[in-house]
Trainee: 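To start, I am sharing the structure in question, which I have written as structure tokens.
Please read these numbers as outputs of a predicted model, since none were measured by experiment. Whatever order the structure lists them in is the order used to number ligands and atoms, beginning at 1.
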Amino acid sequence: MRIKICGITKPDQGKAIAELGATTLGFICVRSSPRFITPEDIQAVIEVLPKTVERIGVFANASAEEIGQTLSLSELTGIQLHGNETLEYCDRLRELFPDLELIKAIRVKTPEALNLAETYVNHVDTLLLDAYHPEQLGGTGHTLDWNSLQQFRPACQWLLAGGLRPDNIIEALKLLKPDGIDLSSGVEQSPGDKDLTKVTQLFEVLSTLT
Ligand SMILES: O=C(O)c1ccccc1NCC(=O)[C@H](O)[C@H](O)COP(=O)(O)O
């Protein structure tokens, strides 16, 4: 299972989280976020990571030029789109950056959002379901209504996000069986500052899964 820890801003924390078992690290490239990190600082984190760790840049309604600029300065392996990006825009990014994983995040406000998510399956590699918040694009700490997701089986891999923590992750996994999980504020001391004790707890509880 993929375990993505998002909102990394510090090389020492990125390295420690990778060593604890994260398969994937996420870097917030959205300027309005308290977890924003520059492309140069992303690269400083990447330089201390094992090459096997996946490295995702998180964007929201960014232009292809802005994404390209970030990619030219940091060795990312994927792009996560967290805004209102269209199917056509996903196709364009695939053409421009064919070697990168493309993840489309859908913020689930109503059950119809799951139908919207399904429309992306042939346009991206991976879907990510996150909580909806009227003022925050991500990192909200709010959980989704897991019961309403039980029939969600898209024809591509999907990651569950939104308010996941060491003390609720097992329940979520047993109920939904996603291909991977994405955590941010649930393993933080403050936005952008990860709590290695909470990350350690996360991997301890995950190791109890059979
Ligand atoms: O985390 C942010 O600050 C953020 C800002 C703008 C767009 C996306 C953002 N985060 C995206 C993520 O992938 C988070 O990991 C996801 O929203 C889950 O966050 P949390 O509920 O805190 O676990």
Trainee: Number the atoms of ligand 1 from 1 as they appear, then name those within less than 4.0 Å of a heavy atom of Ser185, with their elements.
Mentor: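 Close to Ser185: 20 (P), 22 (O), 23 (O).
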
Trainee: Does at least one non-hydrogen atom of Gly141 fall below 4.0 angstrom from an atom of ligand 1?
Mentor: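 It does; at least one heavy atom falls under 4.0 Å.
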
Trainee: What do you reckon, does Gly162 put a non-hydrogen atom under 4.0 Å from ligand 1?
Mentor: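 For ligand 1, residue contact (heavy atoms, under 4.0 Å) with Gly162 is present.
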
Trainee: Compare Gly186, Ser33, Cys29 and give the one whose heavy atom is closest to atom 3 (O) of ligand 1.
Mentor: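 Comparing heavy atoms across Gly186, Ser33, Cys29, the nearest one to atom 3 (O) of ligand 1 lies in Ser33.
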
Trainee: Say whether, by atom type as modelled, one donor and one acceptor occur between the side chain of Asn61 and the main chain of Asn84 under 3.5 angstrom.
Mentor: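 Side chain of Asn61 to backbone of Asn84: a pair is present.
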
Trainee: Looking only at the side chains, is there a donor atom on one of Lys194 and Ser184 sitting less than 3.5 Å from an acceptor on the other?
Mentor: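 Ser184 and Lys194 do have a side-chain donor-acceptor pair below 3.5 Å.
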
Trainee: Should Gly163 be counted as touching ligand 1, given the test is an N or O pair under 3.5 Å?
Mentor: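 N/O-N/O distance under 3.5 Å: yes.
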
Trainee: Considering only heavy atoms of Gly138, which atoms of ligand 1 have at least one such atom less than 4.0 Å away?
Mentor: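 Listed by number with element: 1 (O), 2 (C), 3 (O), 4 (C), 8 (C), 9 (C), 10 (N), 17 (O).
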
Trainee: Can you classify the ring geometry of Phe152 versus Trp158 as parallel (below 30°), tilted (30 to 60°) or perpendicular (above 60°)?
Mentor: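 Ring orientation of Phe152 relative to Trp158: perpendicular.
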
Trainee: Please state which protein non-hydrogen atom is closest to atom 15 (O) of ligand 1 and give its distance, to 0.1 Å?
Mentor: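 Nearest neighbour among protein heavy atoms for atom 15 (O) of ligand 1, to 0.1 Å: Asp182 OD1, 2.5 Å.
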
Trainee: Using the side-chain hydrogen bond (donor to acceptor under 3.5 Å, both in side chains) rule, take Gln43 and Glu47 through it: C-alpha gap first, then chi angles, then the decisive distance, then the call.
Mentor: CA-CA 6 Å; Gln43 187 55 26; Glu47 273 163 17; 3.1 Å; yes

Trainee: Are any side-chain N or O atoms of Ser33 and backbone N or O atoms of Arg35, one a donor and one an acceptor, separated by less than 3.5 Å?
Mentor: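 Yes; at least one donor-acceptor contact below 3.5 Å.
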
Trainee: Take Thr9 and Asp193 through the side chain to side chain contact (heavy atoms under 4.5 Å, CB included) test and state the conclusion after the steps.
Mentor: CA-CA 7 Å; Thr9 61; Asp193 187 11; 6.0 Å; no

Trainee: Ion pair present between Glu88 and Arg92, side-chain N to carboxylate O less than 4.0 angstrom?
Mentor: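 Looking at Glu88 and Arg92, the cut-off is not met.
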
Trainee: At under 4.0 Å between heavy atoms, is it the side chain or the backbone of Ser184 that contacts ligand 1, or both, or neither?
Mentor: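 Both backbone and side chain of Ser184 come within 4.0 Å of ligand 1.
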
Trainee: Does one hydrophobic cluster hold both Leu149 and Leu159, with members joined at side-chain heavy-atom distances below 4.5 Å?
Mentor: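 In one cluster: no.
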
Trainee: How far is atom 10 (N) of ligand 1 from its nearest protein heavy atom, and which residue and atom name does that atom have?
Mentor: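 Checking every protein heavy atom, the shortest distance to atom 10 (N) of ligand 1 gives Ile28 CD1, 3.5 Å.
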
Trainee: Pull out every atom of ligand 1 sitting under 4.0 Å from any heavy atom of Val58, numbered as shown with elements.
Mentor: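 Per the distance check, 8 (C).
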
Trainee: Between Asp182 and Arg2, is there a side-chain N and carboxylate O pair less than 4.0 Å apart?
Mentor: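 Judged by the 4.0 Å cut-off on N to carboxylate O distance, Asp182 and Arg2 do not form a salt bridge.
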
Trainee: Are Lys4 and ligand 1 in contact, using a heavy-atom cut-off of under 4.0 Å?
Mentor: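 It does; at least one heavy atom falls under 4.0 Å.
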
Trainee: Would one find an N or O of Cys6, backbone or side chain, under 3.5 Å from an N or O of ligand 1?
Mentor: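 N/O-N/O distance below 3.5 Å does not exist for this pair.
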
Trainee: In terms of atom number and element, which parts of ligand 1 are under 4.0 angstrom from non-hydrogen atoms of Asp130?
Mentor: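 Near Asp130, meaning under 4.0 Å from one of its heavy atoms, ligand 1 has 16 (C), 17 (O), 18 (C).
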
Trainee: Could you identify the single nearest non-hydrogen protein atom to atom 1 (O) of ligand 1 and state the distance to 0.1 Å?
Mentor: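 Here the nearest protein heavy atom works out to Arg35 NH1, 3.2 Å.
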
Trainee: Check if Gln136 has a non-hydrogen atom at a distance under 4.0 Å from any atom of ligand 1.
Mentor: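 Per 4.0 Å heavy-atom rule, Gln136 does not contact ligand 1.
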
Trainee: Output yes when Glu75 and Arg55 qualify as a salt bridge under the 4.0 Å nitrogen-oxygen rule, no when they do not.
Mentor: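 Judged by the 4.0 Å cut-off on N to carboxylate O distance, Glu75 and Arg55 do not form a salt bridge.
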
Trainee: Among all protein heavy atoms, pick out the one at the shortest distance from atom 11 (C) of ligand 1; state its residue, atom name and that distance to 0.1 Å.
Mentor: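 Sorting protein heavy atoms by distance from atom 11 (C) of ligand 1 puts His82 CE1, 3.4 Å first.
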
Trainee: Show me which atoms of ligand 1 lie under 4.0 Å from any heavy atom of Leu137.
Mentor: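 Close to Leu137: 6 (C), 7 (C).
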
Trainee: Are Glu188 and Lys10 ion-paired here, with the side-chain N under 4.0 Å from a carboxylate O?
Mentor: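 Salt bridge: no.
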
